[in-house]
There are 2 protein chains.
Amino acid sequence: MSEPGWRVVLLLAGAFRQGVDALNGELAEQGYPGARPVHGFALQAIGPDGCTINELGQRLGVSKQAAAKTATGLENAGYVARESVPADRRAVLLRRTERAEELLAASAVGFERVVDGWRRQVGAERFDAMVEALAIVADDKPIGDLPGWLVQRPPP
Amino acid sequence: MSEPGWRVVLLLAGAFRQGVDALNGELAEQGYPGARPVHGFALQAIGPDGCTINELGQRLGVSKQAAAKTATGLENAGYVARESVPADRRAVLLRRTERAEELLAASAVGFERVVDGWRRQVGAERFDAMVEALAIVADDKPIGDLPGWLVQRPPP
DNA sequence: GCGATATCGTCAACCAGGTTGTCGAGTAGC
DNA sequence: GCTACTCGACAACCTGGTTGACGATATCGC
């Protein structure tokens, strides 16, 4: 193995960042210049049926307070609406808006484009091997607290 | 392609995080329980001959104020010493201590162990394919602004 | 039915790491 | 020598995370 260990880990970070940057470009092209992948992740976590703030926190691997802040941001951006839960008057049901569904669709398209580009770059066979290997290595590790540059505002 | 695009990007993040967590574990075992990869990263940037705060900021891609904070942290942890530059009495020369050299050596060992573990998990052939693919995808993208969980303190 | 206990979401305080702006000290150019 | 620039420090602020406390509500046990 020619690569030193630290370089492999650095490559993972670089590839991830490359993907995020590319996706941001795709989303900007599709009319969501301010959308960050973190929005998509959170909306995915909310799911088509909605979820409460606590559940969102668990799914994202952060505290419920952090999840509440995220939810507020999403709400202000018009991506989620708060509904009440009939069965539990303490709980708040976060539900995706139509705008969120559109963003998710655009995001899925963007991801496919980015990843298809990668597949073409590295070759289908090697690409599939990479994905298999990543799946083993990553071992369903939750993202947890998302990197700062995931949500960095685009330069004004 | 069975994997949706977004999952591939998620796997990259998960694998990176897995590597960082594993390295933290290795470093803790080797007697550096508080060391984070970001320390090694900054020490690498300082280099064997040392550098000034401004240079450190440029090399890490952050402002000199942020570099100064990093340098203070490194100094408090005993990894760097401040020396004066005879040619310029404004400047401060950051220089690695012996302890820093030891940390860097331990860090290299830790990275090797982590990556060897991965290689064993996924098989040498597939692993090499993954690294090749990552090198193409990452395309020497610089890390830039480091993720927050890179420096997260270990739970007490 | 009712008290004890647990959970939901919010507020407040704090931390880490980043940013910009300002400023004194020191260097360099004319 | 005066001016302009650079180095590093300080202060203020932003973002996104954390923990702790608390009111409101559910749920359990008797």
All pairs passing side-chain hydrogen bond (donor to acceptor under 3.5 Å, both in side chains) where residues 69-80 of chain B contributes a residue, at least two apart: B:E75-B:R82, B:Y79-B:R99
Rounded interatomic separation in angstrom, taking CZ from A:R89 and P from D:dT27: 12 Å
Partner set under side chain to side chain donor-acceptor pair (under 3.5 Å) for A:E26, not counting sequence neighbours: A:R113
Members sharing A:V109's hydrophobic cluster (side chains within less than 4.5 Å): none
Sequence-aligned protein contact record of nucleotides 5-10 of chain C, with B where the base is within under 4.0 Å of a protein heavy atom and S where only the sugar-phosphate is: -BBBBB
For A:Q121, all residues meeting side chain to side chain donor-acceptor pair (under 3.5 Å), sequence neighbours excluded: none
Nearest atoms (heavy-atom pairs only) where A:A71 meets A:L94: CB-CD1, 3.8 Å
5' priority, DNA chain D, between A:P86 and A:A67 [closest heavy atom]: A:A67
Whichever of A:K69 and A:A87 has its nearest DNA chain D nucleotide further upstream toward 5': A:K69
Hydrophobic cluster (4.5 angstrom, side-chain heavy atoms) - remaining members for B:L93: B:V85
Protein-nucleotide distance (A:Q58, atom CD; D:dT18, atom C1'), rounded to Å: 17 Å
